[in-house]
Amino acid sequence: VYIKLLPDDSFITSEKGITRIKHYSQKGKFLSILISFSQRSDGLPFEIDSKKRILIFDTVNRQIRIFAKTE
């Protein structure tokens, strides 16, 4: 599992099994699934950049995937 703390103290996780990036409140309440892949994995490492985009290091396809919130 990979976890990143956000400036508002909420956090994002990448979990083992079904590959999903999830958002939780600062108290650990599930808020939403941000990204979901059909592939299974041991968790994908990720970072959050200064533009609040999620950069996922896709170790299966050997690429960096960039996801940004759309309005």
Side-chain angles (χ1 to χ4, degrees):
V1 176
Y2 295 91
I3 299 172
K4 297 293 178 194
L5 188 62
L6 299 174
D8 66 356
D9 290 332
S10 65
F11 57 96
I12 295 176
T13 65
S14 169
E15 302 170 4
K16 293 181 181 181
I18 299 172
T19 307
R20 293 184 181 139
I21 305 292
K22 296 180 183 176
H23 187 204
Y24 292 88
S25 74
Q26 58 186 302
K27 294 185 178 185
K29 180 181 176 187
F30 171 75
L31 298 174
S32 65
I33 294 175
L34 301 175
I35 303 163
S36 182
F37 295 102
S38 59
Q39 70 193 40
R40 297 184 64 80
S41 75
D42 289 332
L44 294 174
F46 69 96
E47 289 293 334
I48 301 168
D49 70 6
S50 61
K51 296 178 183 179
K52 299 182 182 177
R53 299 179 301 180
I54 298 173
L55 289 72
I56 298 175
F57 305 105
D58 183 343
T59 55
V60 173
N61 297 305
R62 302 178 109 183
Q63 42 182 261
I64 296 175
R65 297 178 182 225
I66 301 172
F67 295 88
K69 184 177 181 179
T70 57
E71 299 293 323

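All values below were derived from every heavy atom in this structure, side-chain atoms included, with hydrogens, water molecules and symmetry-related copies excluded. Counting from 1, the numbers follow the sequence of the chain as shown. Owing to the predicted nature of the structure, the values given are computational and were not obtained by experimental measurement.
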Could you please spell out the steps behind the side-chain contact (heavy atoms from CB on, under 4.5 Å) verdict for F57 and E47?
CA-CA 8 Å; F57 305 105; E47 289 293 334; 3.8 Å; yes
Out of the candidates Q26, K29, H23, only one should pair with S10 under the side-chain hydrogen bond (donor to acceptor under 3.5 Å, both in side chains) rule; please name it.
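Filter result, single survivor: H23.
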Check whether [X] and [Y] end up in the same hydrophobic cluster, where Ile, Leu, Val, Met, Phe, Trp and Tyr are linked by side-chain heavy atoms less than 4.5 Å apart.
X	Y	answer
L44	F67	yes
I48	L34	yes
F30	I3	yes
V1	L5	yes

Check whether more than 12 heavy atoms from other residues, nucleotides or ligands sit under 6.0 Å from atom CD1 of I18, and answer yes or no.
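Counting neighbours around CD1 of I18, 12 or fewer heavy atoms of other residues, nucleotides or ligands fall under 6.0 Å, so no.
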Tell me if a side-chain donor or acceptor on N61 pairs with a main-chain N or O of Q63 at a distance below 3.5 Å.
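Side chain of N61 to backbone of Q63: no pair is present.
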If we ignore hydrogens and angles and just use 3.5 Å, is the side chain of T19 paired with the main-chain N or O of F37 as donor and acceptor?
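No, the answer is negative, given that no donor and acceptor are paired below the 3.5 Å cut-off.
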Salt bridge (charged side-chain N to carboxylate O under 4.0 Å, His left out) contacts touching residues 12-27 (sequence neighbours left out)
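Residue pairs passing salt bridge (charged side-chain N to carboxylate O under 4.0 Å, His left out), neighbours aside: E15-K22.
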Which class fits the ring pair Y24 and F11: parallel under 30°, tilted 30 to 60°, perpendicular over 60°?
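Because their plane-to-plane angle is under 30°, the rings of Y24 and F11 count as parallel.
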Test side-chain hydrogen bond (donor to acceptor under 3.5 Å, both in side chains) applied to S25 - qualifying residues, sequence neighbours left out:
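For S25 there are no side-chain hydrogen bond (donor to acceptor under 3.5 Å, both in side chains) partners, ignoring immediate neighbours.
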Measure the spacing between CZ of R65 and CD1 of I54 and express it to the nearest 0.5 Å.
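Rounded to the nearest 0.5 Å, the CZ-CD1 separation comes out at 13.5 Å.
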To the closest 0.5 Å, what do you measure between CZ (F46) and CG (L55)?
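So the CZ of F46 and the CG of L55 are separated by 10.5 Å.
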